[in-house]
Amino acid sequence: MNEPTLSTRYDPTEVEERWYQKWQSAGLFQPEHRPSERRYCITIPPPNVTGSLHMGHALCYTIQDILGRWKRMQGFETLVLPGTDHAGIATQKVVESQLREEGLTRHDLGREKFVERVWQWKEESGGMILKQFKRLGFAFDWSRERFTMDPHYHDAVLRVFIDWYERGLIYRGKRVINWDPGLRTSVSDIEVSDEVRTGKLYHIRYPFVDGEGYIVVATTRPETMLADVAVAVHPSDKRYRGMAGRRVHLPLTGRTIPVIEDEYPDPEFGSGAVKITPAHDANDFEVGVRMGLDFNDPEQVPVCIDEEARVVAPGTPYHGLDRFEARKHIVTDLEAKGLLERIEEHEIAFKIADRSGEVVEPLLSEQWFCSMSSLAAPAIQAVKDGRIRFTPSRYADVYLEWMENIRDWCLSRQLWWGHRIPIYYTEDGTAFAAMSEKEARENAGGAAVTQDPDVLDTWFSSALWPFATLGWPHYTEDLQRFYPTDVLVTARDIIYLWVARMIMGGLDQMKEIPFRDVYVYATVLTEDGKRMSKSLGTGVDPLEYINRFGADAMRFSLLVQTGMNQEIRFGERPIQEARNFCNKIWNAARFALMHIGHRQVEAPPRSALAIEDCWILDRLNETIEMVSSALERYHMMDATKRLYDFFWSEFCDWYIEASKRRLDGAMADVPRWVLATCLDRFCRLMHPFMPHITEEVWHRLPGVGSDQFLDYSDWPSPVEDWVDAEARKTFATLQEVVRAARNLRQEFGINPKEMLPTLFTQGLVAGSEDLVASLARFERIAAGVPSTPHISAVALGVDLHLPVEGLIDVQAEAKRLSAQLEKRRRELHQLSERLANPMFLERAKPEVVAADRAAAEQLRSEVRRLEERLEQLQ
RNA sequence: GGGCGAAUAGCUCAGCGGUAGAGCGCCUCCCUUACAAGGAGGAUGUCGGGGGUUCGAUUCCCUCUUCGCCCACCA
C-alpha cells in the first residue's frame, strides 16, 4: 500500500570511515591540538606485534579510548600513546614456521640473517592489530607510535639492565629452571600453568647395598632416576630411623647413592622416602644445595635430560630416547627386575608452557636472574599507601600477596629475537656489561669480546613501557609532561607478568610511580562461558562484527557488560541490541532535527517550560551526573546503561512523544530548544562510548561548525536550574495515568491508533490534561464521572473513567476491578502491619515511616474508590 | 592446601538494608508520517540451601552446596 520508504536504518560503515579520516587529518589525536596545564596520559598496553584483534583487545582498548576522549572533552591535554611489543617467543615462532615451510631452520640462516628476517617480517606484516584499532575508532596518537625494539627503546633496556647488573641485582646462576623443550628456551615461573591430569605414580625399590631389603621411593617421572644423587627421608620419620648414611643401589645404573635426612620429604606422602634429582627438580635442587653438592661437577650432580628433552645416559639403552619414550623402557626394565613395587593412578599437576603448550622440563641450567626483593619493596609500599590504586580494589591484595612472596626472575631466554643481553666476555671468561660491543672492547682493554648469546625476557622491556615510550633515558618534553601516566587498563592475567614489573621499573628508574590507577577489566568469554581461543575454535573476530554492526555498536555492546564483574559472556544478542540502539539514536535524531531545522533557538525562560520539559531536563541533568561519576569510577556499565535508559526510555518514549503536540503550534520553539539541548548533551555524553554516530548527529545540529569536533567540545556539567524534584514526581504520576488509560483501552480491545473522544478523570493535576490526552490518544480530558456506561481504573490517586458504547460486560469489569483491588489490599495489608509495629515506628528512619504512611494513605484511598466502583456495578 | 569471585524472571545480567529491575525471549494489539532493528499493553521470580544480626535481609555475618578463577615445592 504505502510506498516503500527510504532506509530509515543507520548505516555505520560510511559514517565511521569518514569521521575517522577527518579526525586524523585534523590532528585531533595529538596532544598538541590543545595544550593545557592539565594533562592526561595513557601508554596503552602494547599488543604483540604478531597479534590480531580479539574481543579482549576490543574491550581493553575501547575503555582506554573512552577515557582519553572523555579527558580531552574535559579540557585535558591528552596523550594516548600506542605501540607494539616485539614479543620474543611469539614473533620468533611466526618466522620460524615460515622458514619451516621453506624447509629451513633458523640455524640454516644463522643468527644475524635470522634476526634480519624477523625485522623484515615485522616491517611487512607486523602491527596489523594497530590498523584494526583504527577501525574501532581509537583516538590514539599514531605520530608517537612506539615499538619495544626501537633503537632508543633498546638503549633504555640496556641502560636498565646494566644499572641493575652493576648494582648487583642481576646475576648469573645455575638453577633448575623451567625449560620449554618445544621452543628450547627457559621460561619464567609465571609463564607456565598448572594443568591437573591423571598420571601415574611409580613406586620403585632401591635395594640396600649393605644388606637385605630395599627402600621404596615414589616418582611421577621415573626417567629422572638416572640422575638421582640420594634418597631423602624426613628426620622425624620413625620408619627410617637410623637409615641415614646407608647406601642403596640406584637401579638400572651402576651407581650407589646415600640415604639422607632432610626436612623436605613429607612423611604422609607415599612411602615417605623421596629420590633426589637436583638437576631436574627445583625442590631437589634445594636439597642438593643443603647437601653441599658442587653443581658444576657432573659427577656430583648428574644430568640425564638434555635441552631437547632427550635422555642423556651414555652406555645405557635409554641414551638419546625422548623422555617419555625412555620412561616406558625404564618402567618395563624395572618391572623385569622386580624393582617396581606398584603403579598407581595419581592426579598430577603438570606444568605446561603457556607459549608452546609443551610439558615443561625442569632443567639445571645457567641463566641470568634478577633479584627482586629490593625492587619490590617500594612497589609494595606504593600500593599500600594508596599512591597506586587498583580497581576493583580486591586486585590490590592479589598484587600484594604476590609481591610479598616474590621470587627471583629468570631473565634470559635462549632465543635470537629480542634484546640481547649486554654482557660481553673476554676469552678468559671475564664479563663486561656495556651498551655496545665497542664499549665492551674498550672496557676490556682492547681484547676481543663475545656477547652473551641469550636475549632478555620480553617482559623486561615491557616493564619500562610507561617511561621508555616517552623518551627515557632522555628527559624529553613528553617525559616531563606525561610521566607519571594516569591509568593502566589491563587484564588480570598479567598483573604479575607486567603490572607489577612496571611499578617496580618505574619506581626504580624514575623514582616515581608509572601510573596512578590500575583498572582491571573482565575477561571476555564465549556465550557459554568458555575461554575465547583461536586454537579451541571458540574465538570470534571482532572485525566481523564491526563490519556487520558497526564499530560503535561493537564498543557499546562490550561496555554495557563491563561492570566490576570478573567475566563477560559475549554473544551476538548484545551487539544486535547495541546496533538497534544506534538505529534508535539515528531515527530520534532525524525526528528532532526535522523539527529543529537550521535555526538556533534561544533558551526559553523557565516559566515557558511545560511539565515534560522540566522533567526531561531534570532527567538529563541526572544523566550528566551519573555518567560523569561512573566514568570517574571506571563503571562503564553504569555509564552506558544510564545513557541507554535516558535516551530510549525517557527521551524517545516519553519526551519526544510528549513534545509532538506542541511542535506544530505557536510555542514550538520551546520543545525545539529542549530537543536540541537534549540531543546536544546526549551526543557529548555518549561520544566517548560511540564516537562516530554522535559526531555525525552532532554536526547536524544548528550552530555546530564543520571545524568543531566533539572531542574538543566541553564535557557537560550538571545544571542546577534543571534539578526539579517536583516535576519528577508529577511526571511520574502522569506516566502512571497514561499507562492506566492505555491499559483501559487495550483491556477493552480498542485499536491503539484510534482517537477517542473523552477520558474522564478525577484528581488529575491541573494543566496536564492536554499532555495526557495526547499521549493516551484522546481528544479531550474531562473532569468527573461520565453518566454513560464506562470502565474505570485508579493510578496513583487519579481515577480514570473510559466511556464505552453499548453494554458493559459487568462480570468482566468486576473481575478486572477486583484484581486491581486485591493487589492494593495486599499491599495495604503489608504496610499496615508494618506501621502497626511499635518497634518499626521507633527505630526505622523517620523518612521511611513517613513514606510508608503516605503510601498507605494513598492505597486506602484507592481501595475505597475501587470498592465504590464495584458496588456501583452491582 | 590457601585465597578470590559467582549463584536473582526461560536466557544474559543489574541492584545490594526498607514491599524485586533491564535487555532478549514469551502473550495481546498496532506498518499511529522518527524508528517494525519499531510502538503500546501484559504475564513471569520461596533473589542457591540452612542458621544468625536487625523493627525490617535479595542486600550484612556465619555455614553448607554448586560452578569459575588465582596462588602454592607435595615426590
Side-chain angles (χ1 to χ4, degrees), chain A residues 1-2 5 8-10 190 193-194 201-202 217-221 224 232 264-266 268-277 281-286 346 348-349 362 392 394-395 397-398 401-402 405 492-493 495-496 523 525 527 529 549 560-561 563-571 573-574 576-577 579-595 637-638 641 644-645 648-649 652-653 656-657 660 738-740 742-747 749-755 776-777 826-827 830-831 834 837-845 847-849 851-852 855:
Chain A
M1 295 278 222
N2 286 0
T5 46
T8 54
R9 295 185 179 185
Y10 169 66
I190 45 184
S193 320
D194 289 341
L201 186 61
Y202 303 86
V217 298
T219 180
T220 53
R221 296 184 300 149
T224 62
Y264 164 58
D266 174 5
E268 301 293 309
F269 187 88
S271 63
V274 186
K275 62 192 251 348
I276 300 300
T277 324
D281 183 282
N283 292 309
D284 294 7
F285 175 86
E286 298 297 329
H346 189 62
I348 302 171
R394 60 176 179 273
Y395 289 109
D397 295 332
V398 173
E401 167 69 21
W402 188 74
N405 299 295
R492 64 177 177 277
D493 53 349
I495 290 176
Y496 310 136
T523 310
L525 301 177
E527 205 163 9
F549 301 107
V560 82
Q561 300 180 77
M564 291 295 114
N565 49 344
Q566 253 195 126
E567 49 192 50
I568 293 174
R569 295 187 176 200
F570 193 87
R573 276 193 300 271
Q576 279 171 358
E577 201 180 302
R579 184 267 321 262
N580 294 354
F581 185 38
C582 289
N583 208 233
K584 188 75 178 176
I585 293 170
W586 183 245
N587 281 298
R590 277 177 53 226
F591 172 85
L593 292 164
M594 195 170 80
H595 286 94
M637 181 191 274
D638 290 1
K641 282 201 160 160
Y644 185 93
D645 283 345
W648 203 314
S649 310
C652 292
D653 290 350
I656 286 189
E657 292 309 318
K660 283 178 177 172
V738 170
R739 268 189 211 109
R742 287 168 173 168
N743 179 251
L744 275 181
R745 297 173 55 119
Q746 168 121 0
E747 287 285 339
I750 296 164
N751 190 316
K753 74 180 172 187
E754 194 178 331
M755 188 64 85
R777 305 215 117 232
R826 226 177 306 129
E827 284 171 20
Q830 275 180 19
L831 270 183
R834 191 184 313 164
N837 180 352
M839 293 302 267
F840 172 70
L841 298 176
E842 190 184 317
R843 303 207 179 168
K845 277 174 272 176
E847 59 268 31
V848 172
V849 178
D852 278 1

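Hydrogens, waters and symmetry mates play no part in the numbers below; they use all other heavy atoms, side chains included. Naming convention: chains lettered A, B, ... in sequence-line order (proteins, then strands); numbering from 1 in each chain.
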Taking the side chain of A/Lys641 as its heavy atoms from C-beta onward, which of B/A40, B/C13, B/A75 lies nearest to it?
-> B/C13

Between CE of A/Met839 and C1' of B/G17 the distance, given in whole Å, is 17 Å

Compare side-chain N and O positions of A/His346 against OP1 and OP2 of B/C74 and report whether any pair is under 4.0 Å apart.
-> no

Looking across every strand, which nucleic acid part, if any, lies under 4.0 Å from A/Arg221 by heavy atom: base, sugar-phosphate, or nothing?
-> nothing

Is A/Phe549 touching bases, backbone alone, or none of the nucleic acid, heavy atoms closer than 4.0 Å?
-> nothing

Among A/Tyr644, A/Trp586, A/Phe549, find the residue that satisfies the ring-ring contact (aromatic ring centres under 6.0 Å, His included) test when tested with A/Phe581.
-> A/Tyr644

Find which nucleotide of RNA chain B each of A/Ala855 and A/Leu525 is nearest to by heavy atoms, and output the residue with the more 5' nucleotide.
-> A/Ala855

Separation of B/A7 C1' from A/Glu567 CD (nearest whole Å) | 12 Å

Whole-angstrom distance between B/G17 and B/G5, as gauged at atom C1' | 22 Å

Is there a Watson-Crick or G-U wobble partner for B/C11 with both distances under 3.5 Å, and which nucleotide is it?
-> B/G23

If every non-hydrogen atom of A/Val217 is compared with every non-hydrogen atom of A/Val274, which pair is closest and at what distance?
-> CG1-C, 4.2 Å

Could you tell me whether the phosphate oxygens of B/C24, OP1 or OP2, come under 4.0 Å of any side-chain nitrogen or oxygen in A/Arg573?
-> no

Hey, is the side chain of A/Asn587 poking within less than 4.0 Å of OP1 or OP2 on B/G38, counting only N and O atoms?
-> no

If you look at every strand shown and take non-hydrogen atoms under 4.0 Å, does A/Ala588 touch a base, only sugar-phosphate, or nothing?
-> base

What distance, rounded to whole Å, do you find between the two P atoms, one in B/C64 and one in B/G1?
-> 13 Å

Give the nucleotide from the list B/A34, B/G41, B/U32 with an atom nearest to the side chain of A/Gln746.
-> B/G41

Considering all heavy atoms, the nearest A/Asp281-A/Asn283 contact = OD1-N, 2.8 Å

With both distances under 3.5 Å as the test, what is the Watson-Crick or G-U wobble partner of B/C4?
-> B/G68

What heavy-atom pair brings A/Pro392 and A/Met564 nearest, and what distance separates the two atoms?
-> CG-SD, 3.8 Å

Could you give the CG-to-P distance, from A/Asp194 to B/C71, as a whole number of Å?
-> 8 Å

Output the single nucleotide from B/C69, B/G18, B/C74 whose closest atom is nearest the side chain of A/Gln566.
-> B/C69

With sugar-phosphate meaning primed atoms plus P, OP1 and OP2, does A/Asn837 contact a base, only sugar-phosphate, or nothing at under 4.0 Å between heavy atoms?
-> sugar-phosphate

Using only side-chain N and O atoms of A/Asn565, determine if any of them is under 4.0 Å from OP1 or OP2 of B/C13.
-> no

A/Arg9 (side chain) donor-acceptor with A/Asn583 (main chain) under 3.5 angstrom | no

Confirm from the modelled atom types if A/Glu657 and B/A34 form a donor-acceptor pair under 3.5 Å, side chain to base only.
-> yes

Taking all non-hydrogen atoms of both residues, which atom of A/Ala776 and which atom of A/Arg745 are closest, and how far apart?
-> O-NH1, 3.0 Å

Check whether any side-chain nitrogen or oxygen of A/Trp402 sits under 4.0 Å from OP1 or OP2 of B/G2, and answer yes or no.
-> no

Taking atom C1' in both B/A7 and B/G49, what distance in whole Å separates the two?
-> 11 Å

What nucleic acid atoms does A/Asp281 come within less than 4.0 Å of, heavy atoms only: base, sugar-phosphate, or nothing?
-> nothing

Pairwise P distance for B/U8 and B/U32, with rounding to whole Å | 41 Å

Quick one: label A/Ile656 by what it contacts on the DNA or RNA (base, sugar-phosphate, nothing), any heavy atom closer than 4.0 Å.
-> base

Selected nucleotide, minimal atom distance to A/Met637 side chain, candidates B/C13, B/A75, B/A34 | B/C13

Can you check the A/Asn583 CG to B/G23 P distance for me, whole Å?
-> 17 Å

Residue A/Phe269, side-chain atoms from C-beta onward, closest of B/C74, B/C70, B/A40 | B/C74

Between A/Asn587 and A/Arg590, is any pair of side-chain heavy atoms under 4.5 Å apart?
-> yes

Quick one: A/Arg569 CZ to B/G68 C1', roughly how many Å, whole number?
-> 9 Å

Is a donor on one side and an acceptor on the other found under 3.5 Å between the side chain of A/Asn743 and the backbone of A/Arg739?
-> no

Separation of B/G39 P from A/Phe581 CZ (nearest whole Å) | 12 Å

Which nucleotide in B/G38, B/A75, B/U19 has an atom nearest any side-chain atom of A/Trp648 | B/G38

Can a side chain N or O of A/Lys660 be found less than 4.0 Å away from OP1 or OP2 on B/A34?
-> yes

Just how far, in rounded Å, is P of B/C74 from OH of A/Tyr264?
-> 8 Å

Nearest of B/G18, B/G41, B/A34 to any side-chain atom of A/Lys845?
-> B/G18

Quick one: label A/Val848 by what it contacts on the DNA or RNA (base, sugar-phosphate, nothing), any heavy atom closer than 4.0 Å.
-> base

For A/Cys582, report the nucleic acid contact type (base, sugar-phosphate, nothing); a contact means any heavy atom under 4.0 Å.
-> nothing

Classify the side chain of A/Lys584 versus the base of B/C35 as yes if they form a donor-acceptor pair under 3.5 Å and no if they do not.
-> yes

What does B/U28 pair with, Watson-Crick or G-U, if both distances are under 3.5 Å?
-> B/A40

Within the structure shown, what part of the strands sits under 4.0 Å from A/Pro265 by heavy-atom distance: base, sugar-phosphate, or nothing?
-> base

Please give the nucleotide sitting opposite B/C47 as a Watson-Crick or G-U wobble pair, both distances under 3.5 Å, or none.
-> none

Would you indicate which nucleotide in B/U19, B/A14, B/C24 comes nearest to any side-chain atom of A/Glu577?
-> B/C24

Integer angstrom distance from the C1' of B/U59 to that of B/U54 = 13 Å

Rounded to whole angstrom, note down the C1' distance from B/U44 over to B/C27.
-> 11 Å

Counting only Watson-Crick or G-U wobble pairs whose two distances fall under 3.5 Å, which nucleotide matches B/U59?
-> none

Does a side-chain heavy-atom distance below 4.5 Å link A/Val560 with A/Lys641?
-> yes

P atom, B/A6 versus B/G42: distance in rounded Å?
-> 34 Å

With P as the reference atom in both, quote the distance from B/A57 to B/A40 in angstrom, rounded to an integer.
-> 37 Å

Mind calculating the distance between CG (A/Asn751) and P (B/U28) to the nearest angstrom?
-> 16 Å

